[in-house]
There are 2 protein chains.
Amino acid sequence: MNARSLSESMAHKVERQLRGDILTLALPPGARISEQEIGERYGSSRQPGREALIALAKSRLVEILPQRGAVVARISVAKLMQAAFIRETIETAVVKAACNAFHFHARTRISDCLRAQEEAAESGDRAAFRRGDDLFHKTLAEGAGLPMAWSVVEDLKAHIDRACCLSLHAPHTLSKLVAEHHAIVAAIDRRDEGAAMTAMNAHLSELLHDLPKLEAQHPDLFE
Amino acid sequence: MNARSLSESMAHKVERQLRGDILTLALPPGARISEQEIGERYGSSRQPGREALIALAKSRLVEILPQRGAVVARISVAKLMQAAFIRETIETAVVKAACNAFHFHARTRISDCLRAQEEAAESGDRAAFRRGDDLFHKTLAEGAGLPMAWSVVEDLKAHIDRACCLSLHAPHTLSKLVAEHHAIVAAIDRRDEGAAMTAMNAHLSELLHDLPKLEAQHPDLFE
DNA sequence: GTGTCGACACTTCCATACAATTTTGGCAGA
DNA sequence: TCTGCCAAAATTGTATGGAAGTGTCGACAC
């Protein structure tokens, strides 16, 4: 009945799926969730559900109200802007470091990654595109010798992505994002610190442009 | 028998104490710890111990080996340098932001904080000094309108502090650190971005000077 | 209509039992 | 002495029962 032996524990599986459902807004911000409910939803008992909630509370994707329950964290404009700022700070430092030294092996993976993203952009596969985006930024950090930077950014990015899911899904944005990735890589290849940092800033700061509009559109999802 | 009603859950208490013991090296890097053992050590059953391990694994202070157990994370020079770099990046951005706008209320708390640290430095109370140091950096982030920056730095700082515990405890360093704090605040008061950032960088980069020596002295605690 | 009290439902939190897996240690045999 | 194997011990991962905390809702007094 269970498949623990197949390498992943139930608790991790539940955590991963729950995180996915929260990130895609399948579970909307503000939704109440109980251990029991989570367990049933993903086919386990309460215990793995509880552990998933504890884990996600650490990344602040759910808020645990002691003795009462848990809710999917609402989107906070203030926190979102802070997360964006901190992410920008870190990733700018990463590309700067990348200009000084970039691991050869990571450079080839970056190219693979860009190609994959181009395909995803053309076919409009947003899920694949997002995976590619994560991989791009992750590989960039690894190439710069700062893999830990990605693990820090990853948590921040989760919150930002959740807001992005609300944003209108204009099809042309995907290819635009790919173009920005290319610009960043090109600057790194030229070892042009200034251009690389500028390109990264431009890439990251676009996401927050229509935040006020989103809040007006979905007031119940915000704090 | 239990004291759950008195505001803090057993699991949180165990997590807090375990974190403390790991940070002060009472539990040395590399030590194996089982859920059972943790529970008994802090007076609970396995369950809170397990939850504490899961929580600390998120901050990478313990490493969970699936189906096998957990060990206190060894100190990794590479990770330490990355953590220091990322911390420096974030905190530099924080003081820069602080130069543009600093909340009045936080400014007065900073002064309190500096006074408390002076006292701790004189009496040589390292535990109190560390608490004051955390509070200083936390208040700085809050004053700059970036409280989230502290929550990110906090996790990075844990690893750095653990290495600092190994370092020789020369008594004069404490007052030196306080002086550096004063320099940072003075630069912020003058709204002198460059000086503030330089002061913060100097403050943070000293910690890693004798890292090679430490590794030679305690090879078993490192990766 | 307003406020208070108590039963009740719901949930977490902790303890514990059980299942699955890994490690350990011993022992037989070459 | 070394190797291979098996059983016991230790440990995690999961399920579940029960205690305790919290909020809801209706009855009832005023």
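By convention in this document, chain letters (A, B, ...) are assigned in the order of the sequence lines, proteins followed by strands, and residues within each chain are numbered from 1.
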Q: With sequence neighbours excluded, give me every salt bridge (Lys or Arg N to Asp or Glu O under 4.0 Å) pair touching residues 88-97 of chain B.
A: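 Qualifying pairs, neighbours excluded: B:Arg87-B:Glu91.
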
Q: Just how far, in rounded Å, is P of D:dT11 from CD1 of B:Ile33?
A: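 So the CD1-P distance, B:Ile33 to D:dT11, works out to 12 Å.
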
Q: Identify the heavy atoms of A:Arg32 and A:Val71 that sit nearest to each other, and give their distance.
A: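 Nearest pair, atom of A:Arg32 first, then A:Val71: CG-CG1, 3.7 Å.
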
Q: Between D:dT22 atom C1' and A:Arg32 atom CZ, what is the distance in whole Å?
A: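 Computing the A:Arg32:CZ to D:dT22:C1' distance gives 10 Å.
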
Q: Check every atom of D:dG13, C:dC14, C:dC13 against the side chain of B:Gln47 and return the nucleotide holding the closest atom.
A: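 The nucleotide sitting nearest to the side chain is C:dC14.
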
Q: Do the side-chain N or O atoms of A:Arg46 get closer than 4.0 angstrom to the phosphate oxygens (OP1, OP2) of D:dA15?
A: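 The answer is no; no side-chain N or O of A:Arg46 sits under 4.0 Å from OP1 or OP2.
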
Q: Does B:Arg68 get its side chain close enough to the base of D:dG13, under 3.5 Å, for a donor-acceptor pair?
A: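 Answer is no: no donor-acceptor pair is held.
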
Q: What contact category does B:Ser45 fall into here, base, sugar-phosphate, or nothing, at under 4.0 angstrom with non-hydrogen atoms?
A: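 It contacts base atoms.
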
Q: Quick check for you: among C:dA15, D:dT11, D:dT14, whose closest atom lies nearest to any side-chain atom of B:Ser34?
A: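 Looking only at heavy atoms from C-beta outward on B:Ser34, the closest nucleotide is D:dT11.
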
Q: Determine whether a donor-acceptor pair (N or O, by modelled atom type, separation under 3.5 Å) exists between the side chain of A:Gln82 and the backbone of B:Met148.
A: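 Yes, the answer is positive, given that a donor and an acceptor are paired below the 3.5 Å cut-off.
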
Q: Let me have the donor-acceptor pairs involving side chains of residues 56-64 of chain B, under 3.5 Å, with sequence neighbours excluded, atom names and distances please.
A:
| unit_1 | atom_1 | unit_2 | atom_2 | d |
| --- | --- | --- | --- | --- |
| B:Lys58 | NZ | A:Glu15 | OE2 | 3.1 |
| B:Ser59 | OG | B:Arg19 | NH2 | 3.0 |

Q: How close or far is atom C1' of D:dG13 from atom CD of A:Glu51, stated in whole angstroms?
A: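 Between C1' of D:dG13 and CD of A:Glu51: 8 Å.
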
Q: Specify the separation, in whole Å, of atom CD1 of B:Ile54 and atom P of C:dC14.
A: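 Distance, rounded to whole Å: 13 Å.
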
Q: When the distance from CD of B:Gln36 to P of C:dC14 is rounded to whole Å, what number comes out?
A: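 The answer, rounded to whole Å, is 16 Å.
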
Q: What integer distance in Å separates A:Met10:CE from D:dT12:C1'?
A: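 One finds 16 Å between C1' of D:dT12 and CE of A:Met10, rounded.
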
Q: What is the distance from CG of B:Leu65 to C1' of C:dT21, rounded to the nearest Å?
A: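 After rounding, the reported distance stands at 14 Å.
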
Q: Roughly how many Å is it from CZ in B:Arg50 to P in C:dC13, rounded to a whole number?
A: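 It works out to 16 Å between those atoms.
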
Q: By nearest heavy atom, map B:Pro66 and A:Gly69 onto DNA chain C; which one lands nearer the 5' end?
A: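 The answer here is A:Gly69.
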
Q: Using a strict cut-off of less than 4.0 Å between a Lys/Arg side-chain nitrogen and an Asp/Glu carboxylate oxygen, indicate whether A:Glu223 and A:Arg74 qualify as a salt bridge.
A: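 Result for this pair is no, no salt bridge flagged.
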
